[in-house]
Every structure is written in structure tokens, then in C-alpha cells.
There are 2 protein chains.
Amino acid sequence: MPENNNEIPDIVIGRLPLYLRALQYMVLEEQMVTSSKELAERLGISAAQIRKDLSQFGEFGKQGTGYQVEFLIKKLRQILNVDTIWDVIIIGAGDIGHGIARYPNFGAQGFRVVAVFDNNPNKIGTKIGDFSVQDSAVMPAIIKQSNIKIAMIAVPASQAQLVVDDLIQAGIKAILNYAPITINVPKGIQIQYIDPVMHLQKMTYYLK
Amino acid sequence: MPENNNEIPDIVIGRLPLYLRALQYMVLEEQMVTSSKELAERLGISAAQIRKDLSQFGEFGKQGTGYQVEFLIKKLRQILNVDTIWDVIIIGAGDIGHGIARYPNFGAQGFRVVAVFDNNPNKIGTKIGDFSVQDSAVMPAIIKQSNIKIAMIAVPASQAQLVVDDLIQAGIKAILNYAPITINVPKGIQIQYIDPVMHLQKMTYYLK
DNA sequence: TAGATTGTTAATCGATTAACAATC
DNA sequence: TAGATTGTTAATCGATTAACAATC
């Protein structure tokens, strides 16, 4: 007896934020309705792929008409769990930490930075926008107390694994890692990487 | 008569910088030799995949022994065209522009930031580390004059497409885009995206 | 009704993995 | 020689695309 196969591919999940982003620009342009064809052209992918991806989660369109932009945004936000606000912490108050602490796009997209930590005594207590940098020593307590699930780490590569281990110990479930090093995490913990060097080195392959 | 199929998949190219990064940490740890198995464990991928990827470019290992770390690094840098230094410019002198202008990892990885541009008169002439911010108006001339091929853009989403069009017009061939919007570029131009929100939204799908 | 576009199936295409002969 | 590990093939697995009935 075949199981109902309801495992949605990770690669599909990865495209949903892309769709959401494009739809939000349509709202800014006061466009009410779109189609898989139009979205596909904007994003440079195939219309069939967009329809197939969306159909994993329900029937959000109308034949002959397409998709209501606002409605599809609402559905995507529900699917991605960004129809509420997630509190996020930052570890590392260097240049990158400063940059992401002030990043203006998190708010509208479901994320709120609530604390910045560092273990350097010279940085503890300094101000970044609204927050003052807190001692990493109090980090686990604050994670537990505020039930925070998401962290962004911007510490030196040499410290990244240790910091991640501490974060997971304290209850963090998702990590966005700016340190240029591969981190090991147990199953069930999400980790994503941002490393501009990787992108640049991929592009130079094709240059000259 | 079958053509020699020497088109290397883009997805393979994307993994090479990851291998390179891991190998460089091995050098720091004074490890001389590695194996596909060890690399695979570090990176959380399969050993077969690493061997297959590398074999696209040559035979870099020895049976029974594995790979000489320094030698493989040298080969990967050649393949990726990062065995020389690429000059890179930054457009946009806001928080993100500041952050990447001071990013410490570019130098050792084949990239050198040589200029930062902005079109805001309040920012033009201000200092970021060693450079002063230049007027975007002079950007095309400088790109041509210095034969710059790579740009990183950190401007508002609303300006990103226009800036990219200008850059390509001036001769830029590869763009790392920090603006949270999909950009259209002609064939033959490389573009890569960095958007922390996308990564966060992908992870929240799996949370609770 | 005619035109447009969805959701879905089946076919195609491409990527990953398992396995092993070769060989260091 | 025995053990280890490569490079490569073939099999498997998964993702994308083309096509079209359904239907707005």
C-alpha cells in the first residue's frame, strides 16, 4: 500500500521566498493579478516549474485568469511561517554584525533583531543603533528566556563551530552563518551560509 | 559522430569554492594530505561526488593515498581563475557597502576592492577605510580605464536594475548583487545574489 | 463562445550514488 | 604483499519540462 508521498523537496522550499519577493514588488506596482508565465519571465525560470512548485501546497490560481497577487503572498507567507514575526539574535559585533544589525529589510519580511552579542570586552556595552552589545556569557539565558529560535552568526571562522554548538545547546533551531567555514550541526537544525567569496569564485570561473 | 561532451555542469562549479575553502583550513591545520572521504565528512556531502567533481578537470589524486592538499588548492585556484587578483568595485556606500568594503576575506581569496561609488552627494567624498567614496557619474570611465570586470552592488532595490545596466554597458562581466530583487542580465554576464531574508525564510519553513 | 491559464501527468533530462577495477 | 583510495562506469534517483484536459 503506497504511502501518500507528501515530502516536499527542499529545492522547492528554497524557491518560495523568491516567488514571495517578486510578488511583493508587484504589490508596490499596484498589480493585482499575475500568471505563472509573467512570474517566470521576471525570475528567469520556467512557468511550468512555478505552477508545479505552488501546486505542492494547494490550488492558488484560477484557470484563464492566473493568481491574485495579494492572496498568493498571504499563502506563501503562511507556508513559509513568516506570517508572524520571528525574533533573531546576532552573535559578533564586528563590521558584518553591525551591517546585519542595521539591515532594513528584515522587519517587513518577518524578522526582528532583538539582541547583539560579543565576547570582546571592548565591544560589550557599545551601541549599535537601538541595542547595546551584550556579553556572550548571558546569551544562553536570553535565548531560553525569550524562546529565540533563530541566530545569525558573524564571528571569526575559528570561533564559529563553538558558537554554533552553544547556540544549539541553548535552543536555537536555525542559523544563518556569515563565517566562511562549513559548520556541523545535528539533524533537525537548519543552517544556511552567506559567503560572498564563494559567489565571486564561482563567477570568475566563467571570466576570461 | 558524438561530440566530446566537455560542458561542465554549473552545479559542479559552484562546489569548487567550497572544496577550496575546506582545503585552505587544512593548510592552517598543517595537514598535508587528504582524501575524498575526509573532505566529504567535513562538508557533509558524499565522497563519490567530490571525486566525480574533481575528475571533470583532471586526475589530481593518487590511489591509496588521496590528494596533496597544497597541490589540489593550486589546481582549484587555477580552475576557478583565482590564481591572480581581481579588482572589484562596490556601488552603494550605505551600511552594506561599508561592510563589504571592509570585508577582510577578499584579499586572500583573489579579490581586491579598488573603489566605492555612490550617487548621493552627502556620501561622495566621505571615507571608507582607505578609499573615499566616488561619484557614480565617473564609474563607467573608471571601469573602462582600469578594465574592471567584477562589481558588487549594494544600492536600494529600486535602483539595482538601472545600476546593473550601466555596469554592463561599461564592461562589467560579473555582478554580486546585495539588493533584494531579481535582476535581468544578458547571456554571458554572470550574476549572483546575496539576500539574508531568502535564507531565513527558507529555514522558517522547517521551524514549528 | 473563444481565449487564456491552471494543475497535473508522463517524458525527458540531469545529478547523485554505488560499486569496482586499477593502482599507489 | 595487503590496504587504501582513486577515477570511472552504470544504475538509481530526483528535478525539470512539455503537453494537455479542465475550466474560468
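All heavy atoms count here, side chains included; hydrogens, waters and symmetry mates do not. Owing to the predicted nature of the structure, the values given are computational and were not obtained by experimental measurement. Order of the sequence lines fixes the chain letters, A, B, ..., with proteins taken first and strands second; residue numbering starts at 1 for each chain.
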Exercise. So which pairs with a foot in residues 83-97 of chain A pass salt bridge (charged side-chain N to carboxylate O under 4.0 Å, His left out), sequence neighbours left out?
Worked result: A:Asp87-A:Arg112, A:Asp95-B:Arg102
For this session: Calculate, to the nearest 0.5 Å, the distance between atoms OH and CD1 belonging to B:Tyr193 and A:Ile194 respectively.
Result: 15.0 Å
For this session: Rounded to the nearest angstrom, tell me the gap between atom CD1 in A:Ile8 and atom P in D:dA15.
Result: 12 Å
Exercise. With nearest nucleotides of DNA chain D determined for B:Phe60 and A:Ile11 from heavy-atom distances, which residue corresponds to the more 5′ nucleotide?
Worked result: B:Phe60
Exercise. If you look only at pairs with a residue in residues 149-163 of chain B, which of them pass as a salt bridge (charged side-chain N to carboxylate O under 4.0 Å, His left out), with sequence neighbours excluded?
Worked result: none
Exercise. So what is the 5' to 3' dot-bracket string for DNA chain D, if pairs are Watson-Crick or G-U wobble with both distances under 3.5 Å, crossing pairs use [ ] and | means the partner sits on another strand?
Worked result: ..||||||||||||||||||||||
Exercise. Which whole-number value in Å describes the distance from A:Ile13 CD1 to D:dA15 C1'?
Worked result: 14 Å
Exercise. More than 12 heavy atoms of other residues, nucleotides or ligands under 6.0 Å from CG of A:Asp10: is that the case?
Worked result: yes
Exercise. Nearest-Å distance, CD (A:Gln56) to P (C:dT9)?
Worked result: 12 Å
For this session: Within residues 19-51 of chain B, find the residues that approach DNA chain D with a heavy atom at under 4.0 Å, and present them sorted by residue number.
Result: B:Ser35, B:Ser36, B:Arg51
Seminar exercise, completed: Residues passing the ring pair (Phe, Tyr, Trp, His ring centres under 6.0 Å) test with A:Phe106, sequence neighbours excluded, are A:Tyr103
Distances for protein N/O vs nucleotides 21-23 of chain D N/O pairs under 3.5 angstrom?
residue	atom	partner	partner atom	Å
D:dT23	O4'	A:Gln63	NE2	3.3

Exercise. C:dT6 C1' sits how many Å from A:Asp53 CG, rounded?
Worked result: 14 Å
Exercise. Within this structure, what is the CG-to-P distance between A:Leu54 and C:dT6, rounded to whole angstrom?
Worked result: 9 Å
Exercise. Do side-chain atoms of B:Asn81 reach the backbone of A:Leu207 as a donor and acceptor pair under 3.5 angstrom?
Worked result: yes
Seminar exercise, completed: By side chain to side chain donor-acceptor pair (under 3.5 Å), A:His98 pairs with (sequence neighbours left out) none
For this session: Using heavy atoms and a sub-4.0 Å distance, could you list which residues of residues 65-72 of chain B are near DNA chain D? By number, please.
Result: B:Thr65, B:Gly66, B:Tyr67
Exercise. To the nearest angstrom, how far is B:Asp10 atom CG from C:dG14 atom P?
Worked result: 13 Å
Problem set entry | For B:Gln24, all residues meeting side chain to side chain donor-acceptor pair (under 3.5 Å), sequence neighbours excluded | B:Gln109
Seminar exercise, completed: note: A:Lys52, atom NZ; C:dT8, atom P; distance rounded to Å ~ 10 Å
Problem set entry | Residues which pass ring pair (Phe, Tyr, Trp, His ring centres under 6.0 Å) with B:Tyr205, listed by chain and number, not counting sequence neighbours | none
Seminar exercise, completed: Of all heavy-atom pairs linking B:Leu167 and B:Ala151, the shortest is CD1-CB, 3.9 Å
Problem set entry | Backbone N/O of B:Asn184 and side chain of B:Gln161: donor-acceptor pair under 3.5 Å | yes
For this session: Return yes if a side-chain donor-acceptor contact under 3.5 Å exists between B:Arg21 and A:Thr182, otherwise no.
Result: yes
Let me have the donor-acceptor pairs involving side chains of residues 60-78 of chain B, under 3.5 Å, with sequence neighbours excluded, atom names and distances please.
residue	atom	partner	partner atom	Å
B:Arg77	NE	B:Val82	O	3.4
B:Arg77	NH2	B:Val82	O	3.1

Exercise. Taking only residues at least two apart or on different chains, which pairs with a member in residues 160-185 of chain A satisfy salt bridge (charged side-chain N to carboxylate O under 4.0 Å, His left out)?
Worked result: none
Problem set entry | Minimum-distance nucleotide (side-chain atoms of A:Pro9 versus D:dA15, C:dA15, C:dT9) | D:dA15
